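Everything quoted here is computed from the prediction, not taken from an experiment.
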Amino acid sequence: MTRRAPQSTNPGRPDASSEGKLPADLAHAEALRTAVGTFVRQVRSRDTMPLGQAAVLGHLARAGNLPITALAELEGVRHQSMARTVALLVEQGLVATSVDERDRRRVSVGLLGEGARRLGEERWQRANAIATATATALTAEERALAERIPEILGKIGGSIA
């Protein structure tokens, strides 16, 4: 029996496996994607709080009180999964819930002082790890270049449709 090579699932998109390499602009984009992903995983590896819980605290810190349904949409999870995450945060004393008097099915979640403190601690630990690594691993020229990375990534991210 003769085997056929797998066809690309996206017509019009180059298949790197058959060509052996990507065009230069795509290779650069892939290298950037990989580096950013690795960087984020390395920074998060030091976290003391599960990512999903920290994300919920971050949404609440930025937006104020939110319904569980809105938090689930923001995180791309089901309502039931978000309800479990919120319950864990309530148990830890990081958030409080309240029931909407007009629609008793609607539960809103609010950040408590301890939740804001824990979120601030996580953010500080991440920023401190990055600052320490930047100061010790980079040359002065590289540090100056690194200062522009947030602006540059913001422009790239803002241009992705």
Can you list everything that forms a side chain to side chain contact (heavy atoms under 4.5 Å, CB included) with [X]? Sequence neighbours excluded, please.
| X | answer |
| --- | --- |
| Leu112 | Ala96 |
| Ala72 | Val77, Met82 |
| Ala146 | Leu138, Ile149 |
| Ala61 | Leu111, Leu119 |

Results of side-chain hydrogen bond (donor to acceptor under 3.5 Å, both in side chains) for Thr48 - residues two or more places apart only:
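With neighbours one apart ignored, the set is Glu122.
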Inter-residue atom distance Arg84.CZ - Ile68.CD1, 0.5 Å rounding:
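Rounded to the nearest 0.5 Å, the CZ-CD1 separation comes to 11.5 Å.
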For Asp103, enumerate each residue passing the salt bridge (charged side-chain N to carboxylate O under 4.0 Å, His left out) test, keeping only those at least two apart in sequence or located in another chain.
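Applying salt bridge (charged side-chain N to carboxylate O under 4.0 Å, His left out) to Asp103 gives Arg105.
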Qualifying side-chain hydrogen bond (donor to acceptor under 3.5 Å, both in side chains) pairs, either residue in residues 145-154, two or more places apart
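Listed by first then second residue: nothing to list.
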With side-chain hydrogen bond (donor to acceptor under 3.5 Å, both in side chains) as the rule and sequence neighbours excluded, what pairs involving residues 110-120 come up?
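Residue pairs passing side-chain hydrogen bond (donor to acceptor under 3.5 Å, both in side chains), neighbours aside: Glu114-Arg117, Arg117-Glu121.
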Indicate, with yes or no, if [Y] and [X] share a hydrophobic cluster defined by side-chain heavy-atom contacts under 4.5 Å among Ile, Leu, Val, Met, Phe, Trp and Tyr.
| X | Y | value |
| --- | --- | --- |
| Val43 | Leu51 | no |
| Ile152 | Val36 | yes |
| Ile160 | Phe39 | yes |

Kindly state each residue pair satisfying salt bridge (Lys or Arg N to Asp or Glu O under 4.0 Å) with at least one member in [range], sequence neighbours excluded.
| range | answer |
| --- | --- |
| residues 55-83 | none |
| residues 26-48 | Glu30-Arg33, Asp47-Arg126 |
| residues 131-143 | none |

Atom NE2 of His28 with >12 non-hydrogen neighbours under 6.0 angstrom:
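Open: at most 12 neighbouring heavy atoms sit under 6.0 Å from NE2 of His28.
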Could you tell me which non-hydrogen atom of Leu66 sits nearest to which non-hydrogen atom of Leu74, and how far apart they are?
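The pair with the smallest heavy-atom distance is CD1-CD1, 3.9 Å.
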Ignoring hydrogens and angles, write down the donor-acceptor pairs under 3.5 Å from the side chains of residues 85-92, residues two or more places apart or on other chains.
residue : atom : partner : partner atom : Å
Thr85   : OG1  : Ser81   : O            : 3.3
Gln92   : NE2  : Gln53   : OE1          : 2.9
Gln92   : NE2  : Leu88   : O            : 3.1

